[in-house]
There are 2 protein chains.
Amino acid sequence: MAAPPGDTASYEVPDLVDALAQLSFVILNSLAEIAGEHELSIVQVRLLGVLRDREPNMNTLGRHLGLDKSSVSGLVDRAQRRGLVVRTPSKIDGRSFRVSITESGHHTVEKVATAYAARIATLTETLTPQDRQTLAQYANRIIVADARWNGIDLRIGRH
Amino acid sequence: MAAPPGDTASYEVPDLVDALAQLSFVILNSLAEIAGEHELSIVQVRLLGVLRDREPNMNTLGRHLGLDKSSVSGLVDRAQRRGLVVRTPSKIDGRSFRVSITESGHHTVEKVATAYAARIATLTETLTPQDRQTLAQYANRIIVADARWNGIDLRIGRH
DNA sequence: TATTGTTATACTCTATAACTATA
DNA sequence: TATAGTTATAGAGTATAACAATA
């Protein structure tokens, strides 16, 4: 079904607005597919990704993920049931829990990250290293513009 | 909270692999936010988008959206309940329905598309017209690579 | 028999509101 | 009173399996 390599048949080329939406679907569908091979959803991967270098409480975790605290409760419940994360009671605040990734969770998220990176490498293999760097710069400009649009400061130390 | 215009503080610059994931979240979150202002989800917007220039049956619609027929049943149910789409019995096949967008659905999706295009314009306003064209080309190369990866032929007339 | 579509069921994900326990 | 977190509830979205009607 795929067009043969070197095929020159024409196809409709989306403009930037369409291209960015389609690109985003492609990227996140790829991530969802890879995550699914490890029985994970995208939000579970994001959860584990956040916990790779942090041990936040439920509240902070919700801010990182952009989710209500009740959503975080359920999310962490399901991840904990699968042995991917654990809740530890805070020693300073009796109401609070530290959420941390388990060894199993870490192992799983690393496998997903590796497979995702490999997929991106495949999807961008027709771009030159220079093209890839330029693409990353454009993407980062949009990410920064979005953060400003949402009133968030990306500078280090302001998380 | 936003860094002031012209601010030069450093922040961590994601590499291409991270940048594409973050970009995709930014783009789809923007779309979800805009869709939400019209009481729509992203998948409902995709549904209406597909129906802007097609009147497929449930089966074909499922293929366009990458969803199981049972998922499409529920999706179309909810959209029809809101008056955005209609099912019409096929005249040729007694088992089949033609799904079409209503005037109200068309009006809604056009408003979402316009607001989304405006948002993309804002997010890319620091890029030159040349940069934007280059970005669209890179995005399209990834879209084509993904289609080939999934064994789909994007060429016109092969849908 | 094969295909089109719906329904029953189950699960994830999400939010709002009400609640408990601690600060 | 305010904050951290859970629970009850409701709804969207998804898939699998079983089903009805038509081809």
Side-chain angles (χ1 to χ4, degrees), chain A residues 25 28-29 31-33 35-50 54-100 108 112, chain B residues 25 28-29 31-33 35-50 55-100 108:
Chain A
F25 280 116
L28 292 189
N29 281 346
L31 182 54
E33 181 191 321
E37 287 164 9
H38 299 269
E39 320 273 66
L40 293 180
S41 65
I42 283 191
V43 69
Q44 295 279 348
V45 170
R46 289 183 66 209
L47 168 66
L48 298 182
V50 165
R54 289 176 201 85
E55 293 194 334
N57 59 21
M58 300 292 283
N59 231 324
T60 307
L61 187 50
R63 257 182 278 119
H64 273 289
L65 297 170
L67 293 175
D68 186 84
K69 55 188 179 170
S70 64
S71 304
V72 177
S73 275
L75 196 64
V76 170
D77 280 351
R78 292 186 292 275
Q80 189 159 9
R81 225 180 290 138
R82 298 185 201 174
L84 302 170
V85 308
V86 282
R87 282 176 175 91
T88 313
S90 164
K91 283 156 191 158
I92 349 174
D93 187 334
R95 302 166 298 178
S96 193
F97 293 90
R98 227 178 60 235
V99 184
S100 6
T108 304
V112 170
Chain B
F25 279 117
L28 292 190
N29 281 345
L31 182 53
E33 182 191 320
E37 288 164 8
H38 298 269
E39 319 273 64
L40 292 180
S41 65
I42 283 192
V43 69
Q44 294 279 349
V45 170
R46 288 183 67 209
L47 167 65
L48 298 182
V50 165
E55 294 195 332
N57 59 21
M58 300 290 285
N59 230 323
T60 307
L61 187 50
R63 257 181 279 119
H64 273 289
L65 296 171
L67 294 175
D68 186 84
K69 54 188 179 170
S70 64
S71 304
V72 178
S73 274
L75 196 63
V76 170
D77 280 350
R78 293 185 291 274
Q80 188 159 11
R81 226 180 287 137
R82 298 185 202 174
L84 302 170
V85 308
V86 283
R87 283 175 174 91
T88 313
S90 164
K91 282 157 192 157
I92 350 173
D93 188 332
R95 303 166 297 181
S96 194
F97 293 89
R98 228 176 61 235
V99 184
S100 6
T108 304

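These numbers come from the heavy atoms of this one structure, side chains and all, not from hydrogens, waters or symmetry mates. Residue numbers begin at 1 in each chain, while the letters A, B, ... track the order of the sequences.
To the nearest angstrom, C1' of C:dT12 lies 19 Å from NE2 of A:His38. We find that CD1 of A:Ile92 is positioned 12 Å from P of D:dG5, with the value rounded to whole Å. C:dT22 atom C1' lies 19 Å from atom NZ of A:Lys91, rounded to whole Å. Whole-Å rounding puts the B:Gln80 CD to C:dG5 P distance at 13 Å. Between A:Phe97 atom CZ and D:dT7 atom C1' there is a gap of 14 Å when expressed in whole angstrom units. One interatomic measurement links the two molecules: CG of A:Leu65 to P of C:dA15, which rounds to 11 Å at whole-angstrom precision. The nearest whole Å value for the distance from the CG atom in A:Asp93 to the P atom in D:dA2 is 17 Å. Rounding to whole angstrom units, CG of residue A:Asp77 and C1' of D:dA8 are separated by 14 Å.
In this structure the side chain of B:Val99 never reaches within 4.5 angstrom of the side chain of B:Glu55, judged on heavy atoms. Taking the side chain as every heavy atom from C-beta outward, A:Leu84 and A:Leu47 never approach each other to under 4.5 Å. By the 4.5 Å heavy-atom criterion applied to side chains, B:Met58 and B:Val76 are counted as neighbours.
Residue A:Ser73 is classed as a base contact, given a heavy-atom separation below 4.0 Å to a base.
The shortest distance between the side-chain N/O atoms of B:Asn59 and the OP1/OP2 oxygens of C:dT3 is not below 4.0 Å. OP1 and OP2 of D:dT22 both lie 4.0 Å or more from every side-chain N or O belonging to B:Ser96.
Ion pairing between a basic and an acidic side chain is recognised when a charged N comes within 4.0 Å of a carboxylate O; A:Arg87 and A:Asp77 show such pairing.
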Identify each atom pair where a protein N or O and an N or O of nucleotides 13-17 of chain D are less than 3.5 Å apart, giving names and distance.
unit_1	atom_1	unit_2	atom_2	d
D:dG13	OP1	B:Ser41	OG	2.1
D:dG13	OP2	B:Gln44	NE2	3.0
D:dG13	OP2	B:Arg78	NE	2.9
D:dG13	OP2	B:Arg78	NH2	3.3
D:dA15	OP2	B:Asp68	N	3.0
D:dA15	OP2	B:Ser71	OG	2.6
D:dA15	N7	B:Ser70	OG	3.4
D:dT16	O4	B:Ser70	OG	2.7

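Residue whose closest nucleotide on DNA chain D sits further toward the 5' end, between A:Arg87 and A:Arg95: A:Arg95.
Each end of the helix from C:dT1-D:dA23 to C:dA23-D:dT1 yields a helix axis from five base pairs, and these two axes differ in direction by 20° (to the nearest 10 degrees).
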Point to revise | From CA spacing to verdict: side chain to side chain contact (heavy atoms under 4.5 Å, CB included), A:Asn59, A:Phe97 | key: CA-CA 9 Å; A:Asn59 231 324; A:Phe97 293 90; over 6 Å; no
Exercise for review: May I have the step-by-step check of side-chain hydrogen bond (donor to acceptor under 3.5 Å, both in side chains) for A:Asp93 and A:Ser90, ending in yes or no?
Suggested key: CA-CA 5 Å; A:Asp93 187 334; A:Ser90 164; 5.9 Å; no
**Study point:** Steps toward side chain to side chain contact (heavy atoms under 4.5 Å, CB included) verdict (A:Val43, A:Leu67)
**Key:** CA-CA 10 Å; A:Val43 69; A:Leu67 293 175; 4.3 Å; yes
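Residues A:Thr60 and A:Asn57 bring a donor and an acceptor atom of their side chains to less than 3.5 Å of each other.
Among residues at least two apart or in separate chains, there is no salt bridge (Lys or Arg N to Asp or Glu O under 4.0 Å) pair with a member in residues 36-46 of chain B.
Counting only heavy atoms from C-beta on, A:Met58 has its side chain closest to D:dT6 among C:dT6, D:dT6, C:dA23.
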